[in-house]
Amino acid sequence: MSDPNEMGDLPIGVFDSGVGGLTVVSALMRRLPNESILYLGDTARLPYGDKSPRTVRRYTQRNVDFLMTRGVKAVVVACNTASALALDDLAYPFPIWGVIEPGAAAAVAATRGKVGVIATEATIRSNAYGRAILRLEPQLEVLSRACPLFVPLVEEGWSDDPISRQIAERYLTPLLEAKIDTLVLGCTHYPLLKQVLRQVVGDAVRLVDSAATMAEKVAGELATRSLAASADEARHHFCVTDSGEHFARIARDLLAQSDDNTRSQAAPNVVLELVEV
Ligand code: DGL
């Protein structure tokens with residue numbers, strides 16, 4: 001299918017290790033209500049954040065292969081870890097966009113000088129955010145911190161829990177003492193902890209993530225490449241690589257909130273397909 005008009009009606013493929021990428025899906029649904037989404041949560045291999053670059057590259061490749069086999073017009077890597085470690089290696093016959101550049105752009109737009117970045121161990125080790133932010137604005141100061149316990153807390157559904165708050169205090173205190181003015185949520189799971197993070201950082205620190213900037217970028221790219229959906233009939237499909245009980249509950253809550261009024265009936269019935277990747 002090489003005609004851009006036919007291609008346009010294929011879904012956008014989106015993947016993450018688990019539920020985190022749904023924070024990006026939610027922004028995509030809001031910004032591009034006509035676009036269909038094929039989502040893959042690689043729950044069998046989660047977390048990615050403590051794996052080696054080689055392993056994350058292998059998982060990423062398999063995920064994109066899976067999405068290509070199903071038929072997509074573009075892929076959004078809704079995982080910072082995969083974007084940081086594997087994006088440059090991907091060569092496919094459709095565009096692939098990662099979340100680091102949009103997240104860095106959001107940080108640069110928000111900060112007054114000192115940016116904190118929180119993310120998985122692998123993302124922090126790669127320094128992908130530090131490099132992307134300083135490429136845009138070399139005089140900024142960037143401090144970073146890995147928060148490995150956040151992903152399991154979110155996957156467990158403990159996003160708004162006293163335990164999550166205590167852990168967040170422990171992780172964020174050094175960044176707050178260093179007087180950051182902006183905090184980048186450099187893992188797509190972290191926006192699900194926003195309430196707790198807001199309580200810990202207070203009102204003075206801006207919280208930014210990639211989701212809205214990513215959705216804006218996708219909208220621009222689809223328009224430029226004549227790949228926007230022609231029909232007003234978005235269909236979303238969700239796949240996981242391991243049992244998805246928590247996934248389905250979190251997806252229902254998150255996507256119900258993100259759907260606009262005209263589509264609010266579609267989101268709560270998140271049907272999961274179990275797939276092998
Ligand atoms: N949500 C992913 C990210 O943005 C990965 C979390 C994980 O699997 O460790 O980095």
Side-chain angles (χ1 to χ4, degrees), residues 13-28 39-64 75-88 90 96-104 106-107 116-132 144-159 164 167-168 171 183-194 197 207-215 217 238-242 244 246-247 250-251 254 277:
V14 181
F15 79 86
D16 179 40
S17 57
V19 294
L22 295 174
T23 58
V24 177
V25 168
S26 158
L28 287 170
Y39 187 85
L40 173 64
D42 190 12
T43 44
R45 300 189 179 89
L46 171 128
Y48 282 12
D50 62 2
K51 305 289 188 304
S52 69
R54 194 158 163 260
T55 301
V56 173
R57 275 185 217 122
R58 197 173 68 238
Y59 292 172
T60 301
Q61 202 104 37
R62 287 187 187 170
N63 294 342
V64 183
V75 166
V76 172
V77 182
C79 171
N80 287 267
T81 311
S83 300
L85 301 176
L87 197 64
D88 294 344
L90 302 174
I96 303 183
W97 304 301
V99 281
I100 302 279
E101 299 290 335
V117 177
I118 52 171
T120 64
E121 299 265 23
T123 302
I124 295 300
R125 227 177 293 126
S126 76
N127 193 30
Y129 267 103
R131 281 182 281 120
S144 49
R145 173 101 215 226
C147 304
L149 293 176
F150 281 173
V151 168
L153 288 171
V154 169
E155 290 286 334
E156 189 64 26
W158 291 1
S159 293
S164 306
I167 293 171
Y171 281 141
L183 182 65
V184 180
L185 312 187
C187 168
T188 52
H189 281 71
Y190 298 178
L192 290 158
L193 290 166
K194 221 172 209 165
L197 296 173
L207 297 179
V208 300
D209 61 68
S210 313
T213 334
M214 183 76 231
K217 180 189 165 94
F238 298 88
C239 301
V240 285
T241 53
D242 203 353
H246 285 170
F247 184 102
I250 296 170
L254 183 69
V277 169

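Everything numeric here is computed off the predicted structure, so don't read it as measured data. Every number for a ligand or one of its atoms is a count from 1 in the order of the listing.
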Residue set satisfying salt bridge (Lys or Arg N to Asp or Glu O under 4.0 Å) with E101, at least two apart, ordered chain then number -> R135
How are the rings of F247 and Y39 set relative to one another: parallel (under 30°), tilted (30 to 60°) or perpendicular (over 60°)?
tilted
Y59 meets the ring-ring contact (aromatic ring centres under 6.0 Å, His included) criterion, sequence neighbours left out, with Y48
Excluding sequence neighbours, so at least two apart, what forms ring-ring contact (aromatic ring centres under 6.0 Å, His included) with F238?
none
Point-to-point distance, once rounded to the nearest 0.5 Å, from CG of N63 to CZ of R45
7.0 Å
Using 0.5 Å steps for rounding, measure from the CG atom of L192 to the CG atom of L153.
11.5 Å
Taking non-hydrogen atoms within less than 4.0 Å of ligand 1, which protein residues qualify?
D16, S17, P47, Y48, G49, C79, N80, T81, T120, V151, C187, T188, H189
